[in-house]
Amino acid sequence: MKPSIPQGTRDFSAAVLRKRNFILQTIRSVFETYGFEPLETPAMENTETLMGKYGEEGDKLIFKILNNGLNNPDKREAVMQDFNAVLEGKTNKGITERALRYDLTIPFARYVAMHHGQLTLPFKRYQIQPVWRADRPQRGRYREFWQCDADVAGSAALLHEVELSLIYTNVFNKLNIPVEIHINNRKILGALATICGGEDMMIDITIAIDKLDKIGMEKVKDELIGKGLTMEQVDTVESFISISGSNEEKLVQLDELFGTIPGGQEGIAELRTILASVEKMNPSPQMVVDLSLARGLNYYTGTIFEVKALGVQMGSIGGGGRYDDLTGLFGVKGIAGVGISFGVDRIYDVMDELNAFPEGIQKGTTALFFNTGMEEQQHVLGVAENLRKSGIACEIYHEAAKFDKQFKYAERKNIPFVVIIGSKEMEAGTAIIKTLASGTQTEVRLDEMAKILAH
RNA sequence: GAGGUUGUAGCUCAGUUGGUUAGAGCGUCUGAUUGUGGUUCAGAAGGUCGUGGGUUCGAGACCCAUCAUCCUCCCCA
């Protein structure tokens, strides 16, 4: 058979992996400096843990795992019935008890709900793991991709929104990616819905205005009319998304529009507090109040974030927000949460396009020992072991091939030094170290090698 | 779920209105060179043209199906 991997998945070679690890380590170290602790959860969750949390579209994209033992003749009748339910579009424990995680937030909520008795609140955790979605792959979109999440559970303080904004800023500064952090508040969108046909219209309205960039004002209005809004209400929506200017100017106009609606007031006040706080920092995050930002995930209730890379055509490279009742879905009321996520794979694509990776992250082996014969090989084995004790990565060519071949091997693996110890050097207790970049070489005593190769 | 692109050597790709034995560059291997490569020169290996069917005297090329791929929409990171 022809070897292949599933659609939307990738193998990562050494060069790619070193760049990916650079991104992961940068994010991890920033998370740690803000006091977040690591957490890992299983690749699979119970299907019912995930279903119904991501909206109708999201549910369709969850990878479900077929149960084992369905061919057991004793269970044939039950399996047939369960399978018929699947054919009608229902998910069913009898067929798929487990599913691959779709994001890191719901598993986190499940974890908090399971362990809230033992956790010190607020609980700040970060999580760096792959997630899976049965999406059509395309540019910046994969079926297996990595997310880096930082969430806080058990605190309603706006301090967290401020610090999470700073985390975004610090990470993208370190990664050398120019970004805008778009921010909005679901309470404001809720207020808009309240005066435009009721709160249950919020999803329809936000989905429509989210498309403003792509389809334009007229089509947005058409869609709203299609959803049953009156002309007056559509006009209100239009004046809402027409709000422009600086962040402060936008907030002032919002005040005029929603000043009398309690939820709206609250949302505006929260935005104002967060922005005032982060703008005093140095470096100040590039925050943009984006009233068309809605985010599809159902569980957000307050602040919402989305990060866009500037100068590259790519969907958002990060997102997040506040959810006041996430663990409520798992029977534990009253634990508020807020969190952000980094999309590693898109960040990688952006950095690759912008050439933003620093020099010097491709280092692997430092020195290659040439193989000049069996006797020398035994001697070199000991020399290499000593170097490794000093933390120097080295390897020995596997056979006494022509130097030509050994040089090429070193070159292809980006190894900066070759060490040649032939019978003459073995006898004299020396080694020849050749720097490949310059072509210069010197003969040194064995006890001097570590110092030279360490630079 | 809807629409489109592409599929020829290990890699990147040529291949005319259908016409003999399908090509190039890079890479690989061998030699010029028995302990100093990268240049150069000479030579070699490597393809049932994604797969299956059809049209034709004749298909890499045309038609149908199928699989894979990349992209757009939907949605998202």
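All values reported here derive from a predicted model rather than from experimental measurement.
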Among [options], which nucleotide sits nearest the side chain of [X]?
X	options	result
Ser423(A)	G37(B), G35(B), C76(B)	G35(B)
Gln147(A)	C75(B), G35(B), A77(B)	A77(B)
Lys405(A)	G35(B), C29(B), G38(B)	C29(B)

Quickly work out the [X] [atom1] to [N] [atom2] distance and round it to whole Å.
X	N	atom1	atom2	value
Gln313(A)	C73(B)	CD	C1'	14 Å
Asp349(A)	A77(B)	CG	P	16 Å
Arg136(A)	C76(B)	CZ	C1'	15 Å
Asp404(A)	U30(B)	CG	P	9 Å
Glu399(A)	C29(B)	CD	P	11 Å
Asp135(A)	C76(B)	CG	C1'	7 Å
Met314(A)	C76(B)	CE	C1'	13 Å
Lys402(A)	G35(B)	NZ	C1'	12 Å

Tell me whether the side-chain N or O atoms of Gln406(A) pair up with the base of G37(B) as donor and acceptor below 3.5 Å, since no angle test is needed here.
no
Do the side chain of Glu376(A) and the base of G35(B) come within less than 3.5 angstrom through a donor-acceptor pair of N or O atoms?
no
Verdict with supporting geometry, Glu448(A) and Lys451(A), salt bridge (charged side-chain N to carboxylate O under 4.0 Å, His left out)
CA-CA 6 Å; Glu448(A) 300 172 317; Lys451(A) 221 184 273 178; over 6 Å; no
Applying a 3.5 Å limit to both distances, which nucleotide forms a Watson-Crick or G-U wobble pair with [N]?
N	value
U21(B)	none
C62(B)	G54(B)
A2(B)	U72(B)
G31(B)	C41(B)
U16(B)	none
G7(B)	C67(B)

[N] versus [M] - spacing of their [atom1] atoms, nearest Å:
N	M	atom1	value
A24(B)	C63(B)	C1'	31 Å
G47(B)	G23(B)	P	14 Å
C29(B)	G15(B)	P	31 Å
G18(B)	C75(B)	P	45 Å
A65(B)	G25(B)	C1'	36 Å
U6(B)	U72(B)	C1'	15 Å
C67(B)	U48(B)	P	23 Å
C71(B)	G27(B)	P	29 Å

When the nearest nucleotide of RNA chain B is assigned to Pro137(A) and to Arg141(A) on a heavy-atom basis, which residue is associated with the more 5' position?
Pro137(A)
Upstream residue (5' side of RNA chain B) when Leu61(A) and Gly8(A) are each assigned their closest nucleotide
Gly8(A)
Report yes if at least one side-chain N or O of Gln138(A) is closer than 4.0 Å to OP1 or OP2 of C70(B); otherwise report no.
no
So that I can tick it off, tell me whether [Y] and [X] are bridged by a salt bridge, with the cut-off set at under 4.0 angstrom between side-chain N and carboxylate O.
X	Y	answer
Asp135(A)	Arg133(A)	no
Arg139(A)	Asp349(A)	no
Glu37(A)	Lys124(A)	no
Glu270(A)	Lys187(A)	yes

Base of A77(B) and ring of Phe342(A) stacked, centres under 5.5 Å, planes under 30°
no
Under 4.0 Å between any heavy atoms, over every strand shown, what does [X] touch: base, sugar-phosphate, or nothing? Just pick one.
X	answer
Gly140(A)	base
Leu436(A)	base
Ser316(A)	sugar-phosphate
Arg346(A)	base
Glu56(A)	nothing

In a check of side-chain contact (heavy atoms from CB on, under 4.5 Å) between Ile167(A) and each of Thr169(A), Asn170(A), Leu164(A), which one passes?
Leu164(A)
Using the side-chain contact (heavy atoms from CB on, under 4.5 Å) rule, pick out the option among Phe370(A), Phe369(A), Phe403(A) that qualifies with Val418(A).
Phe370(A)
Please walk me through it: do Tyr300(A) and Phe305(A) pass ring-ring contact (aromatic ring centres under 6.0 Å, His included)?
CA-CA 10 Å; Tyr300(A) 292 117; Phe305(A) 293 110; 9.3 Å; no
